[in-house]
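Notes for the one structure printed next.
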Amino acid sequence: MSQIKCIGILTSGGDAPGMNAAIRAVTRAAIYNGFEVKGIYRGYKGLITGEIVPFRTQNVSNIIQQGGTILKTARCQEFKTPEGRKVAYDTLMKEGIDALVVIGGDGTLTGARIFASEFNFPIVGLPGTIDNDLYGTDTTIGYDTALNTIMDAVDKIRDTATSHERLFFIEVMGRDAGFLALNGAIATGSEAAIIPEISTEVDQLEELIKNGFRKSKNSSIVLVAESPITGGAMHLAERVQKEYPQYDVRVTILGHIQRGGSPTAHDRILASRMGAAAIDALIEGQRNVMIGIRNNEIEYVPFNKAIKNDKPIDRELLNTLRKLSI
Ligand code: F6P
């Protein structure tokens with residue numbers, strides 16, 4: 001057993017449905033194991049401004065079903081500087097916090113990795129992002145809920161697309177990853193997904209049209225992953241309108257609707273398992289690891305691996321989409 005007595009918890013970066021379930025799980029599992037818990041508000045910013053409160057089991061009651069994060073979140077520029085991180089360290093010492101659980105995406109874990117190595121401070125990360133772009137876990141907290149939100153929205157757009165016999169480009173989030181677009185396309189029976197992972201290999205739009213896109217259909221839906229690499233839905237729609245004026249094209253950008261809402265059962269269970277595992281990891285003396293779940297097994301993924309390794313897209317899913325969209 002380590003020297004840890006008090007664990008601080010924060011959420012940082014883009015919020016994701018299931019973050020509250022994770023906060024609840026970390027808090028309750030920590031208290032169950034005899035630790036004190038402190039909630040840090042507004043991500044790393046809270047470590048600089050000192051927005052920190054003791055958390056008891058009641059602080060996390062009735063939140064498992066809520067989207068967003070009760071701890072608030074921020075993208076903190078100051079924490080990116082050595083001076084900012086020194087202030088954060090001093091705050092932790094003052095508050096008597098001797099380990100951190102941070103919940104967030106790539107940027108959050110990058111900050112954690114730098115801070116942990118600078119100050120030799122124990123940190124465990126939980127993958128909380130709708131983008132699903134962290135290596136070492138099959139899915140991230142929030143991804144499944146966002147996928148379901150996309151599915152609901154696209155199903156609705158399909159009604160109007162069919163009635164008007166239109167071609168829709170629907171832009172989804174994901175930063176530079178195509179997981180939401182590709183799996184969203186499969187879940188909605190969309191005709192194609194345009195994703196950054198293969199944008200540099202082929203002109204996906206050209207391929208789509210060459211392959212007889214919309215030959216046998218009176219409407220089509222293409223999910224486009226937001227990214228400078230794909231160019232985004234607007235750009236593709238403009239291209240089609242110019243090169244193939246016979247198509248009646250429309251664009252929908254789903255935007256931040258994808259980040260909200262009550263988490264699905266999958267995300268609540270994932271967050272609960274990962275939150276409890278974060279405390280087990282600290283008790284076992286693990287440091288500077290992200291909790292992942294692969295093939296239903298908890299794994300400890302060193303920050304370096306989680307952040308640096310590109311999580312590959314499953315190429316078989318692309319084939320499946322092609323086969324099913326004839
Ligand atoms: O990382 C989550 C995410 O929603 C990305 O999919 C998106 O590119 C980005 O955050 C948007 O960030 P913001 O809410 O700061 O505009």
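Read the numbers this way: they start at 1 and go in the same order the structure lists the ligands and their atoms.
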Given the options I40, T27, I7, V26, F55 meets side chain to side chain contact (heavy atoms under 4.5 Å, CB included) only with T27
Below 4.0 Å, non-hydrogen atoms only: which portion of H256 touches ligand 1? Side chain, backbone, both or neither. side chain
Cation-aromatic face contact R294/Y135, 6.0 Å, 45 degrees: yes
Residue selection (non-hydrogen contact nearest atom 8 (O) of ligand 1) among R175, R259, E226, R75: E226
Atom 1 (O) of ligand 1 has as its nearest protein heavy atom D131 OD2, 2.7 Å
Looking at D90 and K86, does any basic side-chain N land under 4.0 Å from a carboxylate oxygen? yes
State which residues pass ring-ring contact (aromatic ring centres under 6.0 Å, His included) with Y143; sequence neighbours excluded, sorted by chain then number. none
So is G174 in contact with ligand 1, going by heavy-atom distances below 4.0 Å? yes
